[in-house]
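Throughout, protein chains are lettered first and strands after them, A, B, ... in sequence-line order, and every chain is numbered starting at 1. Just so we're clear, the structure is a prediction, and the values are computed from it rather than from any experiment.
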Protein chains: 2
Amino acid sequence: MPDSPKVIAASSLAANPPTQNHLLGALSTEVQQRLFPHLELVSMPLAKILYESGDTLRYVYFPTNCIVSLLYVMENGASAEISVVGNEGIIGVALFMGGESTTSRAIVQSSGYAYRLLGQRLKDEFNLHGELLYLMLRYSQALITQMAQTAVCNRHHNIDQQLCRWLLLSLDRLTDNHLVMTQELIANMLGVRREGVTEAAGRLHKLKVIEYSRGHITVLDRPKLEKLSCECYAVVKAETDRLLPYKAIPSATQKSAALHHQCKHTLYL
Amino acid sequence: MPDSPKVIAASSLAANPPTQNHLLGALSTEVQQRLFPHLELVSMPLAKILYESGDTLRYVYFPTNCIVSLLYVMENGASAEISVVGNEGIIGVALFMGGESTTSRAIVQSSGYAYRLLGQRLKDEFNLHGELLYLMLRYSQALITQMAQTAVCNRHHNIDQQLCRWLLLSLDRLTDNHLVMTQELIANMLGVRREGVTEAAGRLHKLKVIEYSRGHITVLDRPKLEKLSCECYAVVKAETDRLLPYKAIPSATQKSAALHHQCKHTLYL
DNA sequence: ATGGCTCTGTGCGTTATCGCACATAGCGGC
DNA sequence: GCCGCTATGTGCGATAACGCACAGAGCCAT
C-alpha cells in the first residue's frame with residue numbers, strides 16, 4: 001500500500017485549513033467539531049488515481065486547492081471527462097449515494113492537497129444529524145447538473161468552445177490564472193485528439209486569450225474566454241452557485257482555526 | 001391548470017398497481033402502508049411535459065408503464081437526452097437532492113401511467129425512517145451512472161451504435177417489443193439530424209433487427225441489437241442491476257393488493 | 001554540448017455528420 | 001377517392017474531427 005502515513009509539514013497544514021473546502025467551511029461549528037478530528041490531510045500529486053472504475057471506495061476527499069477529474073475510460077482506452085471537482089466539492093459521492101463504487105476513475109488533474117475522511121465516519125455523522133447529509137445531497141445535485149451539461153456539450157459544441165469551457169472550469173478551482181497541463185492531457189479529458197487541442201489552443205493564443213508552453217497555460221483574458229465558451233459553462237456555474245452559495249473561508253475564524261489543529265497531523269502520500 | 005382531477009377508470013387502476021414501479025415495490029410493507037394512501041395515479045400521454053428547466057417541482061413521479069425522458073434543450077433549440085426513466089425509477093430527484101428544480105425538461109416518451117406524490121410527503125417519510133431515502137439515493141446513483149455514460153456515448157460512438165443503445169434502454173422499460181416513436185423524436189433525443197436516424201434505422205432494417213413504419217418500431221432481434229450497440233448500454237444496465245436488484249411485482253401480493261386500493265382513486269390528466 | 005525525451009505544430013487524405021432540398025409514401029378526414 | 005399532412009427516403013456539397021506521419025522546439029540529464 002502506498003498509504004504510509006508521514007509526519008505532515010506544519011506549513012502545508014497551515015496553508016490548507018479544512019475550511020478552504022467550501023463544503024467543510026459551510027458546516028456548523030457543531031458538525032465541524034465532530035468531523036474535523038477525523039480529517040486527514042493528504043497530498044494530491046498530478047495524475048494520482050484516487051480510485052479506479054469499480055473500486056470499493058474507502059474514503060471521501062475534500063479538496064482544498066487541488067482539482068480532480070472524474071474520467072470514464074472505455075474498453076478501447078478512449079476516455080472522456082464526466083465532471084471536475086475542486087474545493088467546491090467532494091470526491092466519492094457513491095459512498096453515501098449507495099453502491100460504494102462507480103464506473104469512473106478519479107484522477108488528480110491539478111496537484112495540491114485534500115482532506116480525506118473514512119466513509120464510515122461520514123455515515124456516522126449522517127445518522128447523528130441531517131445537516132451534513134443535506135449539504136452532500138445539494139452538492140450531488142450540482143454534480144448531476146455538471147454531468148448532464150457535459151453530455152449536452154459533447155453532443156453539440158465544437159472543440160474550441162469546449163476548450164474554453166474546460167479552461168473556465170479549471171480556473172474557477174484555482175487561485176491564480178495558471179494551469180499546469182499538457183495539451184495531451186486536455187485532449188484525454190475532452191475525449192478528442194491531441195492535435196485538435198493544439199489547433200484550438202493556437203487559435204486562442206492568436207486571439208491573445210491564453211499563452212502557453214510545454215505543459216503550462218496562462219489565461220490572459222478571462223472575459224474573452226467566457227464569450228468564446230459555449231453556454232454550458234455559465235449554466236453549470238449558475239446552477240452550482242444557486243445550490244451551494246458557499247465561499248471558501250480564506251482566513252479561518254478563531255473557532256475554525258482551533259478546530260483546524262484537531263485534524264490528524266499526518267500526511268498521506 | 002390542466003391538473004383537474006377525474007374519477008379514475010377502475011380498469012386503469014387495476015392494471016397499474018403501484019408495485020409495478022420497482023422502487024415502490026421494493027419498499028417494506030410498513031413504508032408502503034404510510035406512502036401508498038398519498039399516491040395518485042396520473043395519465044402520462046405522449047409528449048406531456050412534467051416539468052420544464054427551472055420549474056419548481058411539486059411532485060415526484062413513479063412510472064408504472066410509461067417512459068419519461070430527461071431532455072436538455074439548448075438556447076438555440078437543439079436538444080439532447082440526458083437519461084431515460086421507466087418503471088425502474090422516479091422522476092424528480094432534484095426534490096430530495098435539493099434545489100427543487102433542474103436545468104432539464106422531463107417529457108413523456110412513451111405513454112402510460114405513473115403515480116405521483118407530493119414532494120412534501122416524500123420528505124415527511126424521509127424524516128420518519130431512512131429506508132425510503134436510502135432507496136432513492138441508490139436510484140440517484142444509477143441515474144448518475146446513466147448520465148455519465150450518455151456523456152461518454154455522445155463523445156465517442158456513432159449514430160448507429162447510439163440508436164441501438166437507445167432502443168435497448170426503451171425496450172427494457174416496456175412490456176413488449178413495440179415502440180410508438182417517430183424518427184424525428186428519436187433524433188431529438190439523440191441530438192442528431194432526423195436524416196441520420198433514418199439512415200441508421202434503414203441499416204438496422206436491412207439487418208432484420210427492426211421493422212418500422214410511420215411512428216411505430218418493432219424490435220425483431222434483440223440479441224443482434226445488443227451486439228450492434230456500443231458498450232454503454234451494458235455498462236448502465238449492469239450498474240443499475242447492481243444498485244437496484246429489484247424487479248416489478250407483476251401480481252401484487254395479498255397485502256400489496258390491499259394497500260393498492262388505498263391509493264387515491266382520482267386520475268389526473 | 002549533446003543526446004534523448006516530451007511537447008507542440010502542421011500537412012493530408014478519410015470519415016461521419018450536417019444542412020438543405022426535394023421526392024415518395026402512408027394514413028386520416030371529408 | 002382525393003386532399004392534405006406527416007413520416008420517411010435520398011442526394012449532394014460543406015464541414016469538423018479523425019488517423020497518421022513527421023517536423024520542430026524546449027527542457028533535462030549525463
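- Within the nucleic acid shown, G196(B) has no heavy atom closer than 4.0 Å to any nucleic acid atom.
- Partner I91(A) forms a side chain to side chain contact (heavy atoms under 4.5 Å, CB included) with one of V85(A), L143(A), V108(A), V60(A) and no other, that one being V85(A).
- The aromatic rings of H178(A) and H216(A) sit parallel, their planes meeting at an angle under 30°, below the 60° perpendicular limit.
- Checking side-chain atoms of N188(B) against main-chain N and O of S79(B) turns up no donor-acceptor pair under 3.5 Å.
- On the nucleic acid side, DNA chain D contacts chain B at distances under 4.0 Å to non-hydrogen atoms, with the end points of that region at dT6(D) to dT10(D).
- Of all nucleotides in DNA chain C having an atom under 4.0 Å from a heavy atom of chain A, the first and last in 5' to 3' order are dT6(C) to dT10(C).
- Remark: the backbone N or O of N154(B) is not paired with any side-chain donor or acceptor of N154(A) at under 3.5 angstrom.
- When each of S213(A) and H157(B) is assigned the nucleotide of DNA chain C with its nearest heavy atom, S213(A) is the one assigned upstream, toward the 5' end.
- When the nearest nucleotides of DNA chain C are assigned to R214(A) and T198(A) by heavy-atom distance, the more 5′-ward of the two goes with R214(A).
- Salt bridge annotation for D160(A)-R165(A): absent, with no cationic side-chain nitrogen under 4.0 angstrom from a carboxylate oxygen.
- Remark: R116(A) is positioned above the aromatic ring of Y59(A), its terminal NZ or CZ atom under 6.0 angstrom from the ring centre and at most 45 degrees off the axis.
- Nucleotides of DNA chain D nearest to Y212(B) and E195(A) differ in position, and the one nearer the 5' end is that of Y212(B).
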